[in-house]
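Data block below; observations after.
From a predicted model like this one, the values you see are computed outputs, not experimental measurements.
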Amino acid sequence: MTSEAENVVAEVIEEQASSLTVAYKPSVIEANFDALEAHVRKTVEAYDGATYDLTKKENIAEAKHDRGYLNGLKKEIDERRKAVKREYSKPLDIFERRCKQVTAIIDEAADNIKAQLDQAEEERKASAYAKLQEHYEGFAGLLAPVVPYERFHEPQWLNKTFGEVKAYKALEAKVSKLAGDWETLKSQFEGEPFYAEAERELFATLDLGSALTAASKASEEAARIAELKAAMEPEPETAPDPEPAGNWYPSGSTMQEIGNEPVCPAPQCAPAPVPAPATVSSGPATPCVMLIDSATTDQMQAIGRFCGSIGVSGVFKRGTLQQVYERTIR
């Protein structure tokens, strides 16, 4: 009997998994909680409601010792709990780590697609923005160079759900409103103080109320600055006391040097000729005041020589009558 050898090839079939299949058994943690609780209650019972006279040093030390003992008992239980948690969580930690490694492969592919979608959306929005800007420059006319389109732009105009036609109408309405507000501002306030501030704010904010508020604030600020300047100006100096203009003496003695020559109020203030000595009547001499509206230095010297020639002595003082009076009574 003849036999024919047959070649057998083993085929390895790899398991294909399209979803995550997990087999696990919930762990059961057993502990002597009942006995432990009974022991803790019995231990703490001795300290329940305990009071300490902490005015004494030895009692303070005893209170600290008791508290440390109770905290140590708690710490022993807590440390054991943490140790069990670490061991219990190890399989879960390994499981989560492997899940994240697999999902990271998916994220890499998904992120590549998202980047392309985001780029396409940005290009679509840029195209829509450019169309709106072009429409604005054609619709706004002379206003376009003054107010750039970005001040009018609203982000929602680029949304697919908003629509191109609706965006054009919203833009036109916003431009028309600004043009109307500008005309209102010019017709009512052009030429007024701080109109420039109001107009500048209108073009910056596209809001007439904000423009009027800016002008009002500028006016208030200017008023405050004016008040500050006025408060910082030095107070007007009081007029100085009249200074002696010189003395005259009997027998026609020469006048002493006098102060600065006053400003002559009228052109007819040339030195007057000295009159000839008049006949002096006899009688008792009394104090007198001579009032001269205005006189130059030469004129006062001439008057002094004349007074001296007739035996009258005294002093000249420059100033107003009020100043001379105040100086005299002090």
Side-chain angles (χ1 to χ4, degrees), residues 118 121-242 260 262-267 269 293-294 318-323 326:
D118 291 345
E121 179 63 11
E122 289 300 320
E123 292 175 357
R124 185 196 67 80
K125 287 185 176 181
S127 176
Y129 185 96
K131 291 180 180 179
L132 284 168
Q133 185 173 9
E134 183 180 1
H135 181 74
Y136 165 72
E137 292 172 353
F139 177 79
L142 297 177
L143 190 62
V146 180
V147 185
Y149 169 72
E150 55 263 25
R151 293 187 187 172
F152 285 97
H153 182 71
E154 297 289 346
Q156 64 267 25
W157 293 351
L158 302 181
N159 295 341
K160 291 181 179 179
T161 55
F162 199 87
E164 184 176 291
V165 175
K166 185 178 178 182
Y168 285 164
K169 291 182 178 179
L171 173 59
E172 292 171 1
K174 201 169 182 180
V175 173
S176 298
K177 181 179 182 302
L178 175 63
D181 289 344
W182 189 19
E183 289 300 325
T184 300
L185 186 67
K186 288 191 294 183
S187 62
Q188 297 185 14
F189 299 100
E190 191 169 18
E192 295 291 332
F194 309 106
Y195 170 80
E197 284 80 354
E199 188 176 54
R200 183 165 51 250
E201 186 69 14
L202 176 65
F203 291 148
T205 64
L206 312 183
D207 184 72
L208 181 59
S210 297
L212 298 178
T213 300
S216 177
K217 288 183 178 180
S219 177
E220 293 172 358
E221 185 67 19
R224 286 194 293 269
I225 293 174
E227 291 177 1
L228 178 62
K229 288 182 177 180
M232 294 178 65
E233 288 181 357
E235 295 184 1
E237 297 182 358
T238 56
D241 291 334
N260 294 331
V263 177
C264 183
C269 55
D293 291 336
S294 61
R318 292 186 185 276
T320 63
L321 177 61
Q322 180 67 24
Q323 291 172 334
E326 291 175 353

Q. Got a sec, which pairs hit side-chain hydrogen bond (donor to acceptor under 3.5 Å, both in side chains) with one end in residues 179-188, sequence neighbours left out?
A. K177-D181, W182-E199, E183-K186
Q | Heavy-atom side-chain proximity of F152 to L132 below 4.5 angstrom | A | no
(Q) Measuring only between side-chain heavy atoms, which start at C-beta, is L171 closer than 4.5 Å to F139? (A) no
Q) Taking only residues two or more places apart in sequence, or in another chain, which ones meet K229 in a side chain to side chain contact (heavy atoms under 4.5 Å, CB included)? A) I225
Q: Sequence neighbours left out, what passes side chain to side chain contact (heavy atoms under 4.5 Å, CB included) with E201? Give chain and number order.
A: T205, S210, A211, A214
Q. Can you find a heavy atom in the side chain of D207 that is under 4.5 Å from one in the side chain of T213?
A. no
Q | Interatomic spacing from OG1 in T161 to NZ in K166 - rounded to 0.5 Å | A | 8.0 Å
Q) From F203 CZ over to L143 CG, what is the distance, rounded to the nearest 0.5 angstrom? A) 6.0 Å
Q.
So, using side chain to side chain donor-acceptor pair (under 3.5 Å) as the criterion, who are the partners of N159 when residues are at least two apart?
A. none
(Q) For E190, give me all partners under salt bridge (charged side-chain N to carboxylate O under 4.0 Å, His left out), at least two apart in sequence or on another chain. (A) none
Q | Partner set under side chain to side chain donor-acceptor pair (under 3.5 Å) for E221, not counting sequence neighbours | A | R224
Q: Would you mind listing every side-chain hydrogen bond (donor to acceptor under 3.5 Å, both in side chains) that reaches into residues 125-138, with sequence neighbours excluded?
A: H135-E172
Q) Sequence neighbours excluded, which residues qualify as side chain to side chain contact (heavy atoms under 4.5 Å, CB included) partners of S216? A) E220
**Q.** Heavy atoms from other residues, nucleotides or ligands near CG of L228 exceed 12 (cutoff 6.0 Å)
**A.** yes
**Q.** Partners meeting side chain to side chain donor-acceptor pair (under 3.5 Å) with E122 (sequence neighbours left out)
**A.** none
Q) Quick one: side-chain hydrogen bond (donor to acceptor under 3.5 Å, both in side chains) pairs with a partner in residues 141-158, sequence neighbours left out? A) Y149-H153, E154-K174
Q: Could you tell me which residues satisfy side chain to side chain contact (heavy atoms under 4.5 Å, CB included) with A215, sequence neighbours excluded, listed by chain and number?
A: F194, A198
